[in-house]
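For reference, the structure discussed in these notes is given below.
Per chain, numbering begins at 1; letters A, B, ... match sequence-line order.
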Amino acid sequence: MPASQTTNEEIAELFEHLGMMLEMKGDSAFKIRAYQRAARTIEELSFPLDQAVADGQKLTGIPGIGKAISEKIHELVTTGQVQTFERVKSELPEGALNLLAIPGIGPKTAVLIGTELGISTIEGVEQAAQDGRLASLPRMGKRAADSILRHIRASRSISSDRTPIGQALSIAEAAMAGLRERDAEISILTPAGSLRRWEETIGDVDLVAITPQPEELGRCLAELPQVREVLVNGPRKTSVIVDPGLQIDLRTGEAESIGAMLQYFTGSQQHNIRLRDFANRMGLSLNEYGITNVESGQVEVFPDEESFYARLGLPLIPPELRAGMWELEAAIEGRLPQLVEPLHLRGDLHLHSDWSDGSDPIETMVATVASMGYEYMALTDHSQGLGVANGLTPDRLAAQREVLRQLQERYDIRILAGSEVDIRSDGRMDFPDEVLAELDVVVASVHNAMSQDRETMTRRVIRAMEHPSVTIIGHLSTRLLGQRPPTDFDLEAVLQAARDTGTALEINASPERLDLKDTHAYRARELGIPLVISTDSHHHSHLSGGRFGVAVARRAWCEPQHILNTMPLDHFRRFITTPKPQRIKVFDDVVATAAPSVPNGHASSQAGA
DNA sequence: GCCGTTTTCGGCCCGACTGTTTTCAGTCG
């Protein structure tokens, strides 16, 4: 590792801020966008840039990163700062960047406030909005000042700036239900934006609607009981903030344009910029109404996204892939993956009953999984060490196996004996080896001492993977979205150990976790590590939540063969009954015999040495 | 600052909404 770490997040933030500062200075809009694009790309990378720099890898193959930005990354990683950044910062009013956090205040207004009023904090702006100083500025007025004040107060009531997708989806569904109740003539009403791309957190909810009375629908949204604040209300676009503090943007349009609308509002912004650039070179211009032939001015409309992309000579690019990374090249070259889908799942390998901290009896869980058409499941109640979760002792575990044997006779689903076994702070397992050896599936997870330093945590997890009975590492980072940060560990070292030991990694589908996260799952797939999508259900109603995990896998460009629990039971059994280091070969065989359309090694080859 | 199916120079996505203005700048996504 480099002497001191610089995370991709820190590097991305530097370029994001550099772009904002250049915007304040009125620099070239294209240069600004180049920095912003680099920031977006770096956030999405599946490998650590500081490591790549230390390894002497070339960065200029990464989309949006050329010579100048590559040099600045080197400078930041090796010296801890970037001269250009420091210089630009010194030329701007103190704290101007702080003001950009206020919705409605952009670079121009921030500089104006900083230079004219000497204000550098959000509180200062609030004060100036109240005492009239803000309204006295050029091109400002009372209404503008009031609007800024409203935005400050609204943003303060939003707990954090991004909402975990599980919560956002519930809020979106409630709003959509309310709209349907008030307008029976809606023909289409669907999420777009980051929600449709299944990002793990959502900045604001985008909805797209087709209805005969668009303006009326905007009014309906503004009048929903959960609406706390109306931000925008125009003929085609309405923005509101709903409880408990999430913005919803509703766009309406004509039925004939739905293909272009969905594409436009699903984004991502970077994907759209690249797609429009691609279209421009064909003499076509894209907007939310259709595709315009620049020369003739003729506009074509599209009934769905598939025909929209087809007009550009492209296959439909699934929303989860529209990150503005490598998906456009893959589409052009016919290398888009055949992404895994919920229907591909044949088993659930991580679920709890009321024997530990679940809330349903074993039979309820078994019956529910069986009714979903799955071929197999593993019951994985907690091990003894997790006292708060009523973890099972070896005796209770043995008793549970007897219950499973009886249930097996009555249900048409293969019930595997499992346990979610605690990884103790030193990496030892929470059951004796002979107990573990009796189980079909061992999910090993960290549940305590989560603040261990990087080295200790890395050693701890690797030691667990080296255990011959450990099948899967559960929720690797232990994060809870918006509540608990991930543990610190060396991802590359852990992934390498997973590959070397033949240990699978779980994509925990619980919407509070989503762990592995998308970029880590992407890297794991590249390295040929078996992945599992499990719900970690603690109630039978959670069992249908696999979709969230499938979304993570899709964002990681996973095809069915990358996911162990898409295998038929006999294949899966061959995997878990093969001794561990050789086990990886069973998995490799499955991947090798599947359709070879996955861009394996694409990211690393682009950035490769 | 990045990038290349016409290019190593000359392009660079596109529109809605708001507020302060009588035609546009700023912000947002």
Return yes when atom CD of A/E10 has more than 12 non-hydrogen atoms of other residues, nucleotides or ligands closer than 6.0 Å, and no otherwise. yes

Is A/R281 paired with A/D277 through a side-chain N to carboxylate O contact shorter than 4.0 Å? yes

Does A/F30 have A/R33 sitting over its ring (NZ/CZ under 6.0 Å from centre, angle to axis within 45°)? no

Is it the case that the side chain of A/S187 and the backbone of A/I210 share a donor-acceptor pair, with hydrogens and angles ignored and the cut-off at 3.5 Å? yes

Spacing of A/N272 atom CG relative to B/dC12 atom P, expressed in whole Å: 17 Å

Between P on B/dC3 and CH2 on A/W326, what's the gap in Å once rounded to a whole number? 12 Å

In whole angstroms, the gap separating P of B/dG29 from CZ of A/R33 amounts to 17 Å

P spacing across the pair B/dG10 / B/dG15, given as an integer number of angstrom: 26 Å

Return each pair, listed once, that meets side chain to side chain donor-acceptor pair (under 3.5 Å) where at least one residue sits in residues 77-106 of chain A; pairs must be two or more places apart or across chains. A/K25-A/E91

Taking B/dG11 as the reference, what is the distance to B/dT6 when you measure between their C1' atoms (whole Å, please)? 12 Å

Between B/dG1 and B/dT5 - C1' atom distance, rounded Å: 23 Å

Between protein and nucleotides 18-28 of chain B, map the contacts as a letter string: B base, S sugar-phosphate only, - none, heavy atoms under 4.0 Å, written 5' to 3'. SBS---BSSSS

Side chains of A/S477 and A/D515 only: does a donor on one sit below 3.5 Å from an acceptor on the other? yes

Whole-Å distance separating the CG atom of A/L59 from the C1' atom of B/dC2: 15 Å

For DNA chain B, what residues of residues 296-310 of chain A have any heavy atom nearer than 4.0 Å? none

A/M261 atom CE is separated from B/dC14 atom P, nearest whole Å, by 18 Å

My understanding is that only residues two or more places apart in sequence, or in another chain, count here; which of them pass side-chain contact (heavy atoms from CB on, under 4.5 Å) with A/K108? none

Taking 4.0 angstrom as the limit, do A/R139 and A/E116 come out as a salt bridge? no

Would you classify A/R274 as touching base, sugar-phosphate or nothing, given that sugar-phosphate means primed atoms plus P, OP1 and OP2, and contacts are heavy atoms under 4.0 Å? nothing

Roughly how many Å is it from CZ in A/F30 to P in B/dC14, rounded to a whole number? 11 Å

pair_partner(B/dC2), Watson-Crick or wobble, both distances < 3.5 Å, evaluates to B/dG11

Heavy atoms only, 4.0 Å cut-off, all strands: where does A/N287 land among base, sugar-phosphate and nothing? sugar-phosphate

So which pairs with a foot in residues 298-313 of chain A pass salt bridge (charged side-chain N to carboxylate O under 4.0 Å, His left out), sequence neighbours left out? A/R196-A/E305, A/E300-A/R311, A/E305-A/R322

Using the C1' atom as the reference point in each nucleotide, state the distance between B/dT8 and B/dC3 in Å, no decimals. 9 Å

Is the terminal nitrogen or CZ of A/R547 (NZ for Lys, CZ for Arg) located under 6.0 angstrom from the six-membered ring centre of A/W198 and within 45° of that ring's axis? yes

If you assign A/S285 and A/D249 each to the DNA chain B nucleotide with the nearest heavy atom, which residue ends up on the more 5' nucleotide? A/S285

B/dG26 and B/dT21, which share atom name P, separated by this distance in whole Å: 13 Å

Interatomic distance at C1', B/dT22 relative to B/dT18, whole Å: 16 Å

Among residues at least two apart in sequence or on other chains, which ones pass side-chain hydrogen bond (donor to acceptor under 3.5 Å, both in side chains) with A/E173? none

So A/I32, base contact, sugar-phosphate only, or nothing? Heavy-atom distance under 4.0 Å. nothing

Under 4.0 Å, counting only non-hydrogen atoms across every strand here, what does A/Y289 touch: a base, just sugar-phosphate, or nothing? sugar-phosphate

Between CZ of A/R281 and P of B/dT6 the distance, given in whole Å, is 9 Å

Round to a whole Å and report the spacing from CZ of A/F265 to P of B/dG29. 13 Å

For DNA chain B, whose closest nucleotide is more 5', that of A/L286 or that of A/A34? A/A34

